[in-house]
Amino acid sequence: MISLELQAIYVMWMRQLKRFVRVRSRLIANLVQPFFFLAFLGLGLRPISLPGLVEGVSYLDFLAPGMVAMSIVFASMFAGVSIIWDRQFGFLKEILVAPVSRLSIVVGRTLGGATVSIIQGLIILAISALLGVRLSPAGLIPGIFFMILAAFFSVGLGIALASRMEDPHGFSLIMNLIMMPAIFLSTAFFPLESMAAWLRILAYANPLTYIVDGIRGCLIGRFSISPLADLAVLLSLCTITMAAGAYLFSRSEV
Amino acid sequence: MAIIEARGLTKVYDGLTAVDHIDLEVEEGEIFGFLGPNGAGKTTTIKMLTTLLRPSEGWARICGYDVVRQPDLVRRSIGVVFQEPALDDQLTGRENLDFHARLYGLSRREREERIEEVLRLVGLRDRADELVKSYSGGMRRRLELARGFVHRPKVLFLDEPTLGLDVQTRRAIWNYIMELNRREGITIFLTTHYLEEADKLSDRVAIIDRGKILAVDSPRNLKDRIGSDVISLTCSEPSRLGRILESASWVRGVKHHGGGLSIYVEIGEEKIPEIIRMAEENGIRISSITLREPSLEDVYLSFTGRSIREEAKPAMRHPRPRGWR
């Protein structure tokens, strides 16, 4: 019984990986946006000084962890939401009629989505290093831990949304109307300290802020909030979205 | 004991009864055809029998397991080929089968052997390592059929297995289905709105219309029920001639279709002159008349009062969404 459930988690994970490797166009599409921001915005605004940018941290250094966070959040959301395409193309029925629990399906999908999005985050990180971003080697492992949390949070959110959505077109609407503003308000592009007071309130209410701050804090050694607060908020948000995703998916009909 | 058993199985969607208290008994090793027009409740019935939908009323058992209380045991015993394709086209044919075999807990050795075996049976060994994306519609169907029985289910459900396929591919799929039933002894429950398909494949057929089962029997017996011969004719006043003929003691039934009549009788060759005489006496001109054996179409017509072709519109397919995938 247990081995069958583990097998189900494994095949769901493996499938995501295989698709990730095969559909190169999507990988490129996912990497292009953060890369352009890094190259043009980061290198273009390198000498700028903003309140909150401490001595020795260039704008490029500041921006790079934000772009890592952005690529992970977007890629994971997409991986979670891609259940809609499985429903649309009928593949979901094949999965749901198998003698495995829906929880295993959700877990496998979450691990698969998280894996591919972390790979993308690491690619952006490598590109940043090549562009000359100064990264703290000691922060790499805790940074990756924050990336994993970010991925789980976003896949869970994606699965929860997908279980409630019928139409794949709703997803691009959500990405453009909610996720893009949320990433701009997350301190990925400019420091909390340089925001107007009302924007700062929105930033504090924004889950992505804690993701960006956690990843940046570890990678370049500069937290705007605090590592423990970031961790606490992210752990609770992760639990909420993953539980919601699993619950809503297990109740969805085909 | 019947391998599929249902009593009073019912599904109500928003006040609309899609399946209305149906009873079913399918014996082990049988090919059972579920025949009816689109929207008759065939797919809803399959979804309930395969645990994808909860019945609103009644119960069903597969291999003795209750579909609501023991869904995992039911799922372990069945294979399903859905009406809409359900393959991952970014994976190869073999990978789709492997994915499935793992989900059903086959060991590595079983998987390797069994996947070779089913690929051979549906004639896809040469193309097994290509992405499903490059497969034709017929190849996809064959792959789905192979996938449906790779884990050796006791019962295989096929929902409109040849929908949208050309005639040659349809024949090929029929052969695979019959081969499978013969070689592996799998019980097959298939839905179709093609009369020819139900006739050719099924040991027994249930006719379903508007959520109700109207008749269950072998195709032969169903045809015998309406008489041994059918006389089809076209004439100037079909409804008046129909009324006249209905009063004759030797007429088993009269059905209207298009601009003509189907008359169910015994020893039809002797009745043709009689019919022509009755028409002439009443001043009705017959323009054509033929004698033939009854088909399931006639059976269907006699039970529902409608021709299946008048109702069978092409099924709606989901449009391919644009954008990323």
Side-chain angles (χ1 to χ4, degrees), chain A residues 1-30 74-75 78 81-82 84-102 104-105 108 166-173 175 251-254, chain B residues 13 43 46-47 49-54 65 67 70-92 95-108 111 131-133 140 144 147-148 151 153 157 159 317-325:
Chain A
M1 270 325 224
I2 291 169
S3 74
L4 188 58
E5 299 296 337
L6 289 178
Q7 186 79 265
I9 293 172
Y10 171 76
V11 287
M12 291 302 295
W13 176 78
M14 198 61 199
R15 171 170 177 250
Q16 298 268 105
L17 249 63
K18 280 188 175 155
R19 293 177 63 98
F20 173 70
V21 174
R22 282 184 194 155
V23 192
R24 298 248 171 66
S25 57
R26 195 171 79 216
L27 174 65
I28 292 166
N30 285 353
F74 284 10
F78 185 81
V81 165
S82 57
I84 294 188
W85 278 270
D86 276 350
R87 180 182 289 135
Q88 190 100 6
F89 287 94
F91 195 73
L92 194 60
K93 274 188 272 188
E94 146 76 1
I95 300 169
L96 294 185
V97 84
V100 293
S101 74
R102 294 200 176 183
S104 305
I105 294 168
E166 292 279 309
D167 179 10
H169 299 294
F171 175 63
S172 52
L173 203 68
M175 287 312 265
R251 286 176 45 108
S252 66
E253 289 204 327
V254 275
Chain B
Y13 289 113
T43 299
I46 278 212
K47 281 191 176 166
L49 294 177
T50 56
T51 76
L52 286 178
L53 269 184
R54 252 185 118 82
Y65 303 124
V67 294
Q70 298 160 295
D72 263 13
L73 291 168
V74 171
R75 288 175 193 176
R76 238 167 262 263
S77 324
I78 62 173
V80 191
V81 178
F82 298 100
Q83 189 170 330
E84 285 102 19
L87 296 164
D88 186 333
D89 60 8
Q90 300 291 350
L91 299 181
T92 66
E95 284 170 339
N96 266 287
L97 295 178
D98 189 63
F99 179 92
H100 181 90
R102 281 175 190 269
L103 276 185
Y104 285 77
L106 269 64
S107 72
R108 172 195 283 270
R111 284 202 303 273
L131 292 186
V132 169
K133 222 167 29 175
R140 283 170 196 240
E144 293 201 285
R147 184 177 65 182
H151 57 287
F157 289 90
D159 194 1
R317 292 270 178 145
H318 289 296
R320 209 181 165 82
R322 276 182 295 165
W324 293 351
R325 212 212 148 183

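Naming: A, B, ... by sequence-line order, numbering from 1 per chain.
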Exercise. I would like to know whether A/L4 and B/R76 meet side-chain contact (heavy atoms from CB on, under 4.5 Å); could you show each step before the answer?
Key: CA-CA 11 Å; A/L4 188 58; B/R76 238 167 262 263; 3.7 Å; yes
Quiz prompt | Shortest non-hydrogen separation from A/G90 to B/A86 and the atoms involved | solution = O-CB, 3.2 Å
Practice problem: Sort A/Q7 into side chain, backbone, both or neither according to what part of it lies under 4.5 angstrom from a heavy atom of chain B. | Solution: side chain
Quiz item: Do you know which of B/R102, B/H100, B/E95 makes side chain to side chain contact (heavy atoms under 4.5 Å, CB included) with A/V11?
Solution: B/R102
Practice problem: Drop me the distance from A/L96's CG to B/T51's OG1, to the nearest 0.5 angstrom. | Solution: 9.0 Å
Quiz item: Can you find a heavy atom in the side chain of A/V97 that is under 4.5 Å from one in the side chain of B/K47?
Solution: no
Quiz prompt | Engaged part of B/L73 at the chain A interface, taking heavy atoms whose separation is under 4.5 Å | solution = neither
Practice problem: For residues A/E94 and B/R147, determine if any side-chain heavy atom of one lies less than 4.5 Å from a side-chain heavy atom of the other. | Solution: yes
Self-check item: Trace of the salt bridge (charged side-chain N to carboxylate O under 4.0 Å, His left out) decision for B/D88 with A/R19
Solution: CA-CA 9 Å; B/D88 186 333; A/R19 293 177 63 98; 2.5 Å; yes
Exercise. Enter the distance from B/T92:OG1 to A/R22:CZ here, rounded to the nearest 0.5 Å.
Key: 6.0 Å
Quiz prompt | All side chain to side chain donor-acceptor pair (under 3.5 Å) counterparts of B/R111, not counting sequence neighbours | solution = B/D98
Self-check item: B/F99 and A/F91 aromatic centres sub-6.0 Å
Solution: yes
Exercise. Could you tell me which portion of B/F82 (side chain, backbone, both or neither) has an atom closer than 4.5 angstrom to a non-hydrogen atom of chain A?
Key: side chain
Practice problem: Check side chain to side chain donor-acceptor pair (under 3.5 Å) between B/T43 and all other residues, then give those that pass, not counting sequence neighbours. | Solution: B/Q83, B/D159
Self-check item: Spatial distance of atom CG (B/L103) from atom CD1 (A/I105) [nearest 0.5 Å]
Solution: 7.0 Å
Quiz item: Any idea which heavy atoms bring B/Y104 and A/P99 closest together, and the distance?
Solution: CE2-CD, 3.2 Å
